[in-house]
Amino acid sequence: MATILDGKKLAQIIQAEIKAEIAEFHRQTGQRPGLAAVLVGDNPASQIYVRNKRLACDRVGMASWLHELPPSTTQTHLLELIAKLNTDAQVHGILVQLPLPKQIDESVIVQAVAPEKDVDGFGTQNLGLLAAGLARYYPCTPFGVQQILLRNGIAIDGRHVVIVGRSNIVGKPLALMLMQKAEGANATVTVCHSRSRDIGSLTRLGDIVVVAIGQARFLKADMVKPGAVVIDVGMNRLPDGKLAGDVAFDEVEKVAAAITPVPGGVGPMTITMLLWNTLRAAQTLGRAPRRMA
Ligand code: NAP
């Protein structure tokens with residue numbers, strides 16, 4: 001049976017580290033790192049995500065503000081709010097919860113966030129820095145995946161990581177991170193997507209397999225090499241209301257050496273790395289970008 005990689009417990013450990021650093025930051029500067037969350041519309045899942053992120057801010061002693069806008073908000077109005085937050089010295093990180101209502105072009109909004117405050121790491125400047133090996137912020141979910149591996153003593157260096165999913169927020173930045181010539185990376189990376197053929201033949205090559213596609217029970221036991229490490233990023237709401245990952249956990253845990261559960265795996269780590277990035281933003285804002293460890 002596989003070792004369960006407990007993301008909830010690891011999130012608590014890292015949040016305790018962040019809390020201690022925030023206390024020190026406050027002692028030195030009299031300031032608290034601050035995260036401004038922007039929620040447009042009334043998507044129930046988005047409301048829960050934003051609430052959980054703000055609760056996490058409270059737990060670690062970080063300031064947070066919620067800007068709630070109606071579903072009919074125009075792009076111009078949202079851009080005005082972001083421009084204000086970009087110049088607000090108390091705000092170190094800006095989080096625009098996606099998805100946005102259809103009258104708003106998400107890519108325009110993501111690009112409008114000042115790169116230094118783009119703690120999700122979604123903007124093109126931050127993605128470009130990441131690709132160049134000069135990352136300012138690692139996008140939160142890939143960063144959480146890397147931390148789960150490293151802090152559980154799972155070597156990445158020299159190993160073959162197979163990622164299923166190539167979105168700009170998970171698969172693509174994770175591939176960029178893990179292929180870097182750097183500590184905690186140096187992997188051989190294969191990325192699969194909806195046009196890849198015979199995905200099982202590719203995932204079976206992986207020492208580490210990461211699945212991020214949004215399809216419940218996609219990765220079956222016969223798609224995994226015995227002894228591989230399996231990271232499940234997926235979050236799928238089943239008809240009975242339960243949350244399920246992209247991995248058929250019950251069968252894959254019998255083959256894998258280690259596996260993340262859903263819930264309690266990558267999800268809590270994503271929120272934690274958002275706090276991490278916001279703290280780094282507060283520490284570095286106004287100075288030249290520096291490489292993130
Ligand atoms: P996305 O933007 O919808 O991208 C899905 C990716 O999966 C695309 O690259 C797509 O390929 C690929 N794909 C879809 N069906 C496939 C199939 N049958 N075989 C192979 N590839 C397939 O999704 P996302 O935003 O990355 O999210 C993926 C999942 O992770 C979702 O369940 C989401 O809820 C979850 N998620 C969780 C967290 C967390 O904190 N735990 C954070 C973010 C996302 P194409 O590019 O060819 O279309």
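Start at 1 and go down the list; that is how both ligands and their atoms are numbered. Predicted, not measured: the structure shown is a model, and the values here were computed from it.
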Fill in: Nearest-neighbour protein heavy atom for atom 31 (C) of ligand 1, which is reported as residue plus atom name and distance
G214 CA, 3.6 Å
Discussion item. In the complex you have, is atom 27 (O) of ligand 1 within reach of the protein, judged by whether a heavy-atom distance drops under 4.0 Å?
Written reply: no
Item to complete: Closest by any non-hydrogen atom to atom 30 (O) of ligand 1: pick that one out of V233, L243, V266, L274.
Response: V233
Fill in: Flag: protein heavy atom within less than 4.0 Å of atom 3 (O) of ligand 1
no
Worksheet item: Quick one: nearest non-hydrogen protein atom to atom 23 (O) of ligand 1, plus distance?
Response: S167 CB, 4.2 Å
Worksheet entry | Proximal candidate to atom 16 (C) of ligand 1 [heavy atom criterion; set I213, T141, D246, N168] | I213
Worksheet item: Nearest protein heavy atom to atom 44 (C) of ligand 1, by residue and atom, and its distance?
Response: V170 CG2, 4.0 Å
Worksheet item: Looking at I169, which atoms of ligand 1 are within less than 4.0 Å of one of its heavy atoms?
Response: 25 (O)
Discussion item. Under a 4.0 angstrom heavy-atom cut-off, which atoms of ligand 1 come close to N236?
Written reply: 32 (O)
Fill in: Contact check, side chains of N86 and I82, non-hydrogen atoms, under 4.5 Å
yes
Worksheet item: Identify the closest protein heavy atom to atom 46 (O) of ligand 1: which residue and atom is it, and at what distance?
Response: R166 NE, 2.7 Å
Worksheet item: So is I199 polar-close to ligand 1, meaning N/O to N/O under 3.5 Å?
Response: no
Discussion item. Closer than 4.0 Å to some heavy atom of F218 - which atoms of ligand 1 meet that?
Written reply: 18 (N), 19 (N)
Discussion item. My understanding is that only one of L285, L279, L275 makes a side-chain contact (heavy atoms from CB on, under 4.5 Å) with P33; could you say which?
Written reply: L279
Item to complete: Taking atom types as modelled, find out whether Q111 and T124 have a side-chain donor-acceptor pair closer than 3.5 angstrom.
Response: yes
Practice prompt. May I ask you to say whether R280 pairs ionically with E116, meaning some side-chain N is under 4.0 Å from a carboxylate O?
Written response: no
Item to complete: Return yes when atom CD of E183 has more than 12 non-hydrogen atoms of other residues, nucleotides or ligands closer than 6.0 Å, and no otherwise.
Response: no
Discussion item. Counting only heavy atoms closer than 4.0 Å, does ligand 1 sit against the backbone of Q215, its side chain, both, or neither?
Written reply: side chain
Worksheet item: Any Lys/Arg nitrogen of E17 or R151 sitting under 4.0 Å from an Asp/Glu carboxylate oxygen of the other?
Response: yes
Item to complete: Indicate yes or no: does K220 engage D250 in a salt bridge with an N to O separation below 4.0 Å.
Response: no
Practice prompt. Starting from atom 48 (O) of ligand 1, locate the nearest protein heavy atom and write down its residue, its atom name and how far away it is, to 0.1 Å.
Written response: S194 OG, 3.6 Å
Response to the item:
In ligand 1, the atoms that come under 4.0 Å of a heavy atom of T270 are 39 (C), 40 (O)
Worksheet item: Has A212 got any heavy atom lying under 4.0 angstrom from an atom of ligand 1?
Response: yes
Response to the item:
Residues joined to V50 in its hydrophobic cluster, side chain to side chain under 4.5 Å directly or through other members, sorted by chain and number, are L39, L66
Item to complete: Report yes or no: does G267 have a heavy atom closer than 4.0 Å to ligand 1?
Response: yes
Worksheet item: Apart from F249 itself, what residues make up its hydrophobic cluster, given side-chain heavy atom links below 4.5 Å?
Response: I4, V164, I199, V209, V211, I213, F218, L219, M223, V224, V230, V247, V252, V255, I259
